[in-house]
Amino acid sequence: MGLQNTRTSNYADWYLNVVKAADMAENSPARGCMVIKPWGYGIWENIKSSLDEMIKETGHENCYFPLFIPLSLFQKEADHVDGFAKEMAVVTHSRLENKDGKLTPASPLEEPLVVRPTSETIIAESFAKWVGSYRDLPIMINQWANVVRWEMRTRMFLRTAEFLWQEGHTAHSTEEEAVDETLTMIECYRKLAEDYMAMPVIVGRKTELDKFPGAVDTYGIIAMMPDGRALQAGTSHYLGQNFAKSANISFQNKNNKPEFAYTTSWGVSTRLIGGLIMTHGDDEGLKVPPRIAPYQVVIVPIYRNDDTTSRDEVNEYAENLEKELKKSMPFGEKIRVKFDKRDRTPVDKRWEWLRKGAPIVVEVGPKDIEKNSVAVVYRNRMEDKKQFIDFNEFTATTKAKLEEIQTEMFENAKKLRDESIIEIDNWDDLVAHFKPKNKFLEAEGKSPAFVKIKWCGCNEQELEDKLKEFQAAIHCITNEEAKGKCVVSGEDNARYEVLVARSY
RNA sequence: CGGGGUGUAGUUCAGCCUGGUAGAACGCUUGCUUUGGGAGCAAGAUGCCGUGGGUUCAAAUCCUGCCACCCCGACCA
């Protein structure tokens, strides 16, 4: 049956249908905020634990900074203020009073508190206290937290007023070390997206106009969605001494001279899940790559005729299957198996798990007990018939199968992505490419959706303004040493290769 | 924040123009029949018609304030 809206009929509604069909999240009474339900949160937890391990392996420690940031503190870095001021939630009162039956804010705060949109400022303030000598550096910390950005227009997972993320913050004694850190972390994000989420990304540096407010350089991973738009999926910033200067993070260097520290920050958010949905969703619902699937294998029992004996036998058989499966270690981790004993029909349960995108759904019933087999559906191959596989063969090959599915999902997504990138070497073709409002259908045809152009770096503002007319933008610099003709100036002086696309 | 649209059962929606007992499908409950690729029959249950005002003998329906969601812009990590 599938979803009500397909990707080709109505992409935006299709996306919401998947979120609902997979039971990942729903809207909440607070505008622009969402309730993340167990299946959605389970995916987030797996993303989180995968990345957390990488963060720790690269020498960082977790900690926690407060949700509230004094307004004055936020104000210190001018570019930073400009970048975030328009989307800030501000706490101004400390009490509610009952006025004629209506609760009314009362007792104004002496200094308003902003709800963190990101924590550079408050963390820099602490860094300043923690750092005295070069021996105190580097400081490398991370926090898992929620942040609030008062967005005008929200979309589940892709852009919500409150979202969950991880933000890493480091301070170093040299520029070189800080730049290195910035690049190390963007590489972690690439690995997270590609190796764990099976979501191919392009790594690049942001242009001058597009970087993080207050940063010297911003690097990003960009995922390309099947509707032809690009999604910024993670960023890593080299902040230079900008925040160090405004928060006075200074240290005495080896020459006994005071010097400002070099800081970085980097983050990925629940937006990744939006990318996951679009990369791997189809007209039946979601597909979750095994490595981050809350359940990798779901066992659905089939009982017959309310016959208690057969029911017990089936349960025993299923429990044995669960036990055997749990001996395998796909991706070197404990396998995640769910034995779904809920009181629903087997058919309902099967389709529910397939909509949610569990990689393998396996049914066991009386016939299987007789033949010592199991009935298996693979989510990434739903068009195939249900396969009846020998019990022992199934348990012995599940690990390899999950790993194979993971690879296949990545390869498929990558193939689609690669097919939709073209190079354009002159302005007219670039305009012609973006002119039609390319809905998914047009993008799905042969016309590629993402464009690489060569550029000398000239007239950035004008270029962005022009691209904006076609709802497109420069996403990042994919090659810093390109040669050839600049698409904008027409001169033979290109320095960069940049990625241009419509964006989320 | 501007323009447009929507809000009715758990879900998707009809009803609104032209005011007069609250509807359908799916889902849910119960029973029977089925039973391994989205079951069938029968009987049931389910509503502050988003919300506050107004017009009217009478409002889901007309007017209006607010709220939320969706789309298009503007804005933006």
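Within every chain, numbering begins at 1; the chains are lettered A, B, ... in the order of the sequence lines, protein sequences first and strands thereafter.
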**Q** Tell me whether Lys338(A) is salt-bridged to Glu322(A), with the criterion being a basic N under 4.0 Å from an acidic carboxylate O.
**A**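 Not counted as a salt bridge, because no side-chain N and carboxylate O are separated by less than 4.0 Å.
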**Q** Looking at C69(B), A74(B), G38(B), which one has an atom nearest to any side-chain atom of Glu284(A)?
**A**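 Comparing C69(B), A74(B), G38(B) against the side chain of Glu284(A), the answer is G38(B).
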**Q** Please enumerate all residues that pass salt bridge (Lys or Arg N to Asp or Glu O under 4.0 Å) together with Lys401(A), with sequence neighbours excluded.
**A**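 Expected list: Glu404(A).
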**Q** Determine the contact category for Arg344(A): base if any of its heavy atoms lies under 4.0 Å from a base atom, sugar-phosphate if only primed atoms, P, OP1 or OP2 are that close, otherwise nothing.
**A**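 Nothing: the residue Arg344(A), judged by heavy atoms under 4.0 Å, touches no strand.
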**Q** How would you label the contact of Lys468(A) with the nucleic acid (heavy atoms, under 4.0 Å): base, sugar-phosphate, or nothing?
**A**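 Here Lys468(A) touches the backbone only, sparing every base.
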**Q** Considering only side-chain heavy atoms of Asp348(A), which listed nucleotide, A68(B), C28(B), G36(B), is closest?
**A**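 Of A68(B), C28(B), G36(B), C28(B) is nearest to the side chain of Asp348(A).
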**Q** Considering all heavy atoms of both residues, which atom of Met199(A) and which atom of Gly275(A) are nearest to each other, and what is their separation?
**A**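 It is SD-C, 3.5 Å.
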**Q** More 5' along RNA chain B: Tyr504(A) or Ile302(A), using each one's nearest nucleotide?
**A**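 First, find each residue's nearest nucleotide; the 5'-ward one identifies Ile302(A).
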**Q** Sticking with atom C1', work out how far U6(B) lies from G50(B), rounded to a whole angstrom.
**A**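 Each nucleotide's C1' atom is 11 Å from the other's.
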**Q** Nearest-Å distance, CG (Asp384(A)) to C1' (G36(B))?
**A**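 Checked: the CG to C1' distance equals 17 Å.
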**Q** Is the distance from the ring center of Trp353(A) to that of Tyr295(A) below 6.0 Å?
**A**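 Here the rings of Tyr295(A) and Trp353(A) have centres that are less than 6.0 Å from each other.
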**Q** Round to the nearest Å and state the distance from Glu26(A) atom CD to C70(B) atom P.
**A**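 Whole-Å distance recorded here is 13 Å.
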**Q** Could you measure between the two C1' atoms, the one in G15(B) and the one in U21(B), and give it in whole Å?
**A**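 G15(B) and U21(B) have their C1' atoms separated by 15 Å.
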**Q** Which nucleotide in the set G38(B), C69(B), U12(B) lies at the smallest distance from any side-chain heavy atom of Lys20(A)?
**A**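 In terms of side-chain proximity for Lys20(A), the closest of G38(B), C69(B), U12(B) is U12(B).
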**Q** Provide the distance between the two P atoms, one in C41(B) and one in C26(B), to the nearest whole Å.
**A**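 That atom pair is separated by 9 Å.
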**Q** Calculate the interatomic distance between Glu464(A) atom CD and A74(B) atom P; express it in whole Å.
**A**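 Taking atom P of A74(B) as the reference, CD of Glu464(A) is at 13 Å.
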**Q** If pairing requires Watson-Crick or G-U wobble contacts with both distances under 3.5 Å, which nucleotide is the partner of C76(B)?
**A**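 For C76(B), the partner nucleotide comes out as none, under the 3.5 Å rule.
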**Q** If you check every side-chain atom of Arg155(A), which of G36(B), C71(B), C70(B) has the closest atom?
**A**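 That would be C71(B).
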**Q** I'd like to know if Asp368(A) reaches the base of G36(B) with its side chain, counting only an N/O donor and acceptor under 3.5 Å.
**A**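 When only heavy-atom distances are counted, Asp368(A) does reach the base of G36(B) through a donor-acceptor pair under 3.5 Å.
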**Q** Hey, does Asp210(A) reach any base, or is it just sugar-phosphate, or nothing, if we go heavy atoms under 4.0 Å?
**A**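 Answer is nothing: Asp210(A) stays at 4.0 Å or more from every strand.
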**Q** For His237(A) and Tyr219(A), I'd like to know if the aromatic rings sit close, meaning centre-to-centre distance below 6.0 Å.
**A**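 Centroid separation for His237(A) and Tyr219(A): 6.0 Å or greater.
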**Q** Looking only at side-chain atoms of Leu16(A), point me to the closest of C70(B), G38(B), G37(B).
**A**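 For the Leu16(A) side chain, the nearest candidate turns out to be C70(B).
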**Q** Between Tyr317(A) and Phe391(A), is the gap from one ring center to the other below 6.0 Å?
**A**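 Here the rings of Phe391(A) and Tyr317(A) have centres that are less than 6.0 Å from each other.
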**Q** Please state the C1' separation for the pair G47(B) and U51(B) - nearest whole angstrom.
**A**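 Nearest-Å result for G47(B) against U51(B) at atom C1': 16 Å.
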**Q** What is the distance, to the nearest angstrom, from the CG atom on Asn17(A) to the P atom on U12(B)?
**A**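 Those two atoms, CG and P, are 9 Å apart.
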**Q** Could you measure between the two P atoms, the one in A43(B) and the one in A24(B), and give it in whole Å?
**A**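 After rounding to an integer number of Å, I get 13 Å for this pair.
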**Q** Would you kindly give the CG-to-C1' distance between Asp465(A) and A74(B), to the nearest whole Å?
**A**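 Those two atoms, CG and C1', are 13 Å apart.
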**Q** Give one of base, sugar-phosphate or nothing for Pro366(A), where a contact means two heavy atoms less than 4.0 Å apart.
**A**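 Pro366(A): base contact, heavy atoms under 4.0 Å.
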**Q** For atom C1', what is the distance between G19(B) and G44(B), given to the nearest Å?
**A**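 Result for the C1' pair: 32 Å, nearest Å.
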**Q** Tell me which nucleotide, if any, is Watson-Crick or G-U wobble paired with G7(B) when both distances must be under 3.5 Å.
**A**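 Pairing partner, where one exists within any strand: C67(B).
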**Q** Could you tell me the Watson-Crick or G-U partner of G27(B), where both distances fall under 3.5 Å? Say none if there is no partner.
**A**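 Check on G27(B): unpaired, no WC or wobble geometry under 3.5 Å.
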**Q** When the distance from CG of Leu3(A) to C1' of U12(B) is rounded to whole Å, what number comes out?
**A**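 For the pair Leu3(A) CG and U12(B) C1', the rounded distance is 13 Å.
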**Q** Between G31(B) and C69(B), how many Å separate the two P atoms, rounded to a whole number?
**A**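 It comes out at 42 Å once rounded to the nearest Å.
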**Q** Send over the distance from Glu352(A) CD to G10(B) P, rounded to a whole Å.
**A**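 So the CD-P distance, Glu352(A) to G10(B), works out to 20 Å.
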**Q** Hey, does Gly32(A) reach any base, or is it just sugar-phosphate, or nothing, if we go heavy atoms under 4.0 Å?
**A**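 Contact class for Gly32(A): sugar-phosphate only.
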**Q** Say you pick atom P in G52(B) and the same atom in G23(B); how far apart are they, in whole Å?
**A**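 Looking at atom P only, G52(B) and G23(B) are 23 Å apart.
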**Q** In residues 78-88 of chain A, which ones come under 4.0 Å of RNA chain B, going by heavy atoms?
**A**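 Of all residues in residues 78-88 of chain A, the ones placing a heavy atom under 4.0 Å from RNA chain B are Gly83(A), Phe84(A), Lys86(A), Glu87(A).
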**Q** Any idea which of U11(B), G36(B), C69(B) is nearest the Lys367(A) side chain?
**A**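 Nearest listed nucleotide: G36(B).
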**Q** Do Phe65(A) and His169(A) have ring centres separated by under 6.0 Å?
**A**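 Centroid distance Phe65(A)-His169(A): not below 6.0 Å, so no.
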**Q** Considering heavy-atom distances to RNA chain B, does Leu209(A) or Glu363(A) have its closest nucleotide positioned more toward the 5' end?
**A**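 Result: Glu363(A).
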**Q** With both distances under 3.5 Å as the test, what is the Watson-Crick or G-U wobble partner of A39(B)?
**A**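 The answer is U33(B), by the H-bond criterion.
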**Q** Pairing donors with acceptors under 3.5 angstrom, does anything connect the side chains of Glu167(A) and Trp144(A)?
**A**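 No - no donor-acceptor pair under 3.5 Å links their side chains.
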**Q** Is any side-chain heavy atom of Asp340(A) closer than 4.5 Å to a side-chain heavy atom of Ile299(A)?
**A**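 Contact flag for Asp340(A)/Ile299(A) side chains = no.
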**Q** Does U56(B) have a Watson-Crick or wobble partner in any strand here, with both distances under 3.5 angstrom, and which is it?
**A**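 U56(B) is unpaired by these criteria.
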**Q** Can you confirm if the NZ or CZ of Arg155(A) lies within 45° of the ring axis of Tyr15(A) and under 6.0 Å from the centre of its six-membered ring?
**A**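 Flagged: Arg155(A) positioned over aromatic ring of Tyr15(A).
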**Q** Determine, stepwise, if the pair Tyr303(A) / Asn315(A) fulfils side chain to side chain donor-acceptor pair (under 3.5 Å).
**A** CA-CA 9 Å; Tyr303(A) 310 119; Asn315(A) 281 341; 2.6 Å; yes
**Q** Applying a 4.0 Å non-hydrogen cut-off, can you work out what Lys385(A) is touching in the nucleic acid: base, sugar-phosphate, or nothing?
**A**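 Answer is base: heavy atoms of Lys385(A) come under 4.0 Å of a base.
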**Q** Please tell me which of the listed nucleotides, G36(B), C69(B), A39(B), lies nearest to the side chain of Ala375(A)?
**A**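 Side chain of Ala375(A) sits closest to G36(B).
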**Q** Between C76(B) and Arg159(A), counting only base atoms on the nucleotide and side-chain atoms on the residue, is there a donor-acceptor pair under 3.5 Å?
**A**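 Check passes, donor-acceptor contact within cut-off.
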**Q** Of the candidate nucleotides A74(B), C69(B), G37(B), which contains the atom at the shortest distance from the side chain of Met152(A)?
**A**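 Of all the options, the side chain of Met152(A) is nearest to A74(B).
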**Q** Roughly, in whole Å, what's the span from CG in Asp13(A) to P in C71(B)?
**A**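 Result: 7 Å.
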